[in-house]
Amino acid sequence: MPFSPGASSESFEPAYLRGLNDAQREAVETIDGPVLVLAGAGVGKTRVLTSRIAHVLATGRAREHEILAVTFTNKAAREMRERLERMSGGAVAPPWLGTFHSLGVRILRRYAERVGLTSSFTILDADDQLRLIKQILKDANIDEKRWPARMLAALIERWKNRAIEPGKTPASEAAGFANGRGGDFYKIYQDRLRTLNAVDFGDLLLEPFRLMRDDSDALAFCQRFAKYALVDEYQDTNAVQYLWLRLIAQKTRNLCCVGDDDQSIYSWRGADVENILRFEKDFPDAKIIRLERNYRSGAHILALAATLIANNKSRLGKTLYADRGEGAKGRLIGLRDSVEEAHTVAERIERAQRRGTHLDEVAVLVRASFQMRAFEERFLEIGLPYRIVGGPRFYERAEIRDAVAYLRLVAQPSDDLAFERIVNSPRRGLGDASLKTLREFARARGAAMVPSARALIESEELRPAARTALRAFLADLARWRGQVETLSQDQLAQTILEESGYLAMWTAEKTEEAKGKLENLAELVRSMQEFPSLQAFLEHVSLVMDAERADGAERVSIMTLHAAKGLEFDEVFLPGWEEGVFPHPRALEEAGRAGLEEERRLAYVGITRARSGVTITYAANRQLRGLWQPSAPSRFIDELPAAHLEAEDTHQATVQRAWRTGTPGAGFASSYETPGWKRARAAPEFAAPAPRAGAGSSAAFAAGDPVFHLKFGPGSVVAIEGDKVTVEFDKAGRKLVMAHFLQAGSGG
DNA sequence: ACCCTCGCATTTTTT
DNA sequence: ATGCGAGGGT
């Protein structure tokens, strides 16, 4: 159905405008000049973005290749593309639709030689990067204990995120690493990258920015494909990304940024909410449009979220109102411990399932991944199917990285990192000693390892065995390289894996784990068929890092709050709302009030994922780092309006409120006399490990008594011999422990 | 060259 | 508890 540009009468209204509310329509139709769309959770943001692109095309303002649409994740890009193709009856998705990083690669491949690279440069992932930095630190005799490579990696990443080039590092910050040598190492690192013909993720943003800034050709090129520019999740942009956008948009000024300051949860990786405020400053004529009509959640859920987030001081302010009616109240449940929490959540999920909720529409959202385990255990026990979203990714598995390293080395002989990764895997008798010789030799010649190795085997530097092994390995590499043209990339991969002995290595190991690895490798080879070339496959691996496998079965999703952004579910469970867990103490330590506010936004994101039901739980005892700890309800619970909540044990809630108002910010309970602990004892449901007089001597116990041990948790007494007690623990099994370490309390 | 044990830290994570 | 890295022992 062709669009009808300029149609004003309703009967000719283009399909993409139909059903939009006023604010949405304004956001779609205001295509000229800078626009900032503040889009709260669940307000139909994606719809607006796609309609806007359709509108630009329909009005003939630009062709699809003149539209730039940037997202943060590949998934978001994919969804937008699919939606566009669906909406217009096909084929108008702009070619310049993608993540900042994927667009960065395209720009950089085109202008590679202008920044000292060739267009076939390799993209290093975090793992390679760390390895490289470790080498640099080792060469410089830096004590890795005192100055961890991770720290330098983080420092460099932060600099790149802020568009700070090597040599321009602020003295105060460079001083923070290895007595002021941070800046030097940044330079060395960058030089090493150039030698390797490689870039890291930060470079994919920094280098295109420098190109646009310094090279008028490159800038003109970029501006050509960005006649109309559109940015999703704008609150997540960092400084370089902002500078990019400003350069790209300065000519036409047709820049539309869509974001929500209340959902900014990535400041720790460089995202800068200030960019939203800065936008208004840099583009004073910017039109600001608020999307506040929420189509997702019921009014009670929305009220919970709104009241909570209102406690944040630094926000633009935006009020969501419900379109869907009242819906159900939120539920708040206090539990005895994390085991019971998992138990109860599982039980509630089954209850929802009986009411007709699909498991695909249920999510358990946790603050930190260690919380997931209790749920997995319980779900496995009762056979409730679940999926962990965002766990270790396919391409990050060691065996896959090894296989990819072989391919990288074949495609790019100067890829020293790939070489080092697989040169002795499987074992070829090329250990540390030989490798050290080779490394030094290569360094001295200023050449990559592979060509250096070719020279080295002509000498007597290596012991004969190593020399033979290295010669054979080089011959293999050369042969495989010769097959790049003749074999398809999946055939090549299969050949390499077989001939290198890599498959044999895992076949020889008869463990379940090895079997899994072989399966993964087979899956890798299979998935390679879908790519047009080896090059395309390698780029996919470094940039897209996902290999989602659709499986038909319905499953509950377990994921972190961070991973849940942008998703929605009918029923959402938010466990672990306790001090010491959420807000995360680390966030408070590192960023103080700003940290607390970001944690609160995380809570806001969690609640607003829910369409019809949200259940918040907290436990009085939780195993942290192997030890059982008493825990107090999260301060965020106090910030939830009681009118929109059904607390299943109001008694506890009341007690908890009473103590907390007396001692605001009481912090994480660490002794048995904290208010949280007292409350726990006061509530009958919290029949928890209350210490009592007499505990500690075996006289206080009798067989069958429920007891509690700080390390092993709840259990019951089996036998007593002097000051030692045999206890059957619920989790840890039968142990002989000192009575001294036991408290009377509820067992299992 | 490889294996094992000890010590240490341990939020979130895309590209 | 657990996992990872370093260093020492075989």
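What you see is a predicted model; the values in this text were computed from it and never measured. Residue numbering restarts at 1 for every chain, and letters A, B, ... go by the order of the sequence lines.
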Could you give the [atom1]-to-[atom2] distance, from [X] to [N], as a whole number of Å?
X        : N      : atom1 : atom2 : value
A:Asp236 : B:dT15 : CG    : C1'   : 13 Å
A:Arg586 : B:dT12 : CZ    : C1'   : 11 Å
A:Arg427 : B:dA1  : CZ    : C1'   : 8 Å
A:Ile265 : B:dT12 : CD1   : C1'   : 8 Å
A:Gln623 : B:dT10 : CD    : P     : 19 Å
A:Gln129 : B:dT15 : CD    : C1'   : 11 Å
A:Phe121 : B:dT15 : CZ    : C1'   : 13 Å
A:Gln241 : B:dT15 : CD    : C1'   : 10 Å

Check whether any side-chain N or O of [X] sits under 4.0 Å from OP1 or OP2 of [N], and answer yes or no.
X        : N      : result
A:Asn74  : B:dT15 : yes
A:Ser542 : B:dT15 : no
A:Arg625 : C:dT2  : no
A:Arg367 : B:dT12 : no

Out of [options], which has the shortest distance to the side chain of [X]?
X        : options                : result
A:Tyr266 : B:dT15, B:dT11, B:dT13 : B:dT13
A:His562 : C:dG5, B:dT12, B:dT15  : B:dT12
A:Thr560 : B:dT11, C:dG5, B:dT13  : B:dT13
A:His101 : C:dG5, B:dT15, B:dT11  : B:dT15

A:Tyr266 and A:Trp268: aromatic ring centres closer than 6.0 Å?
-> yes
Close aromatic pair by centroid cut-off 6.0 Å: A:Phe582 and A:Trp577 = yes
Are A:Trp268 and B:dT13 stacked, counting the six-membered base ring, centres under 5.5 Å, planes under 30°?
-> no
Stacking between A:His584 and the base of B:dT11 (centre distance under 5.5 Å, interplanar angle under 30°)?
-> yes
Identify, between A:Gly202 and A:Phe370, the residue whose nearest nucleotide on DNA chain B lies closer to the 5' end.
-> A:Phe370
Residue met sooner reading DNA chain B from 5', once A:Leu430 and A:Thr99 are mapped to nucleotides | A:Leu430
With heavy atoms under 4.0 Å as the rule, sort [X] into base, sugar-phosphate or nothing.
X        : value
A:Gln371 : nothing
A:Arg150 : nothing
A:Ala433 : sugar-phosphate

Calculate, to the nearest 0.5 Å, the distance between atoms CD1 and CE belonging to A:Ile388 and A:Met372 respectively.
-> 5.0 Å
dist A:Glu578:CD -> A:Gln629:CD (nearest 0.5 Å) comes out at 11.5 Å
Under 4.0 Å between a Lys/Arg side-chain N and an Asp/Glu carboxylate O for A:Glu420 and A:Arg131?
-> no
Residues at least two apart in sequence or cross-chain that pass side chain to side chain donor-acceptor pair (under 3.5 Å) with A:Glu376, listed by chain then number, are A:Tyr386
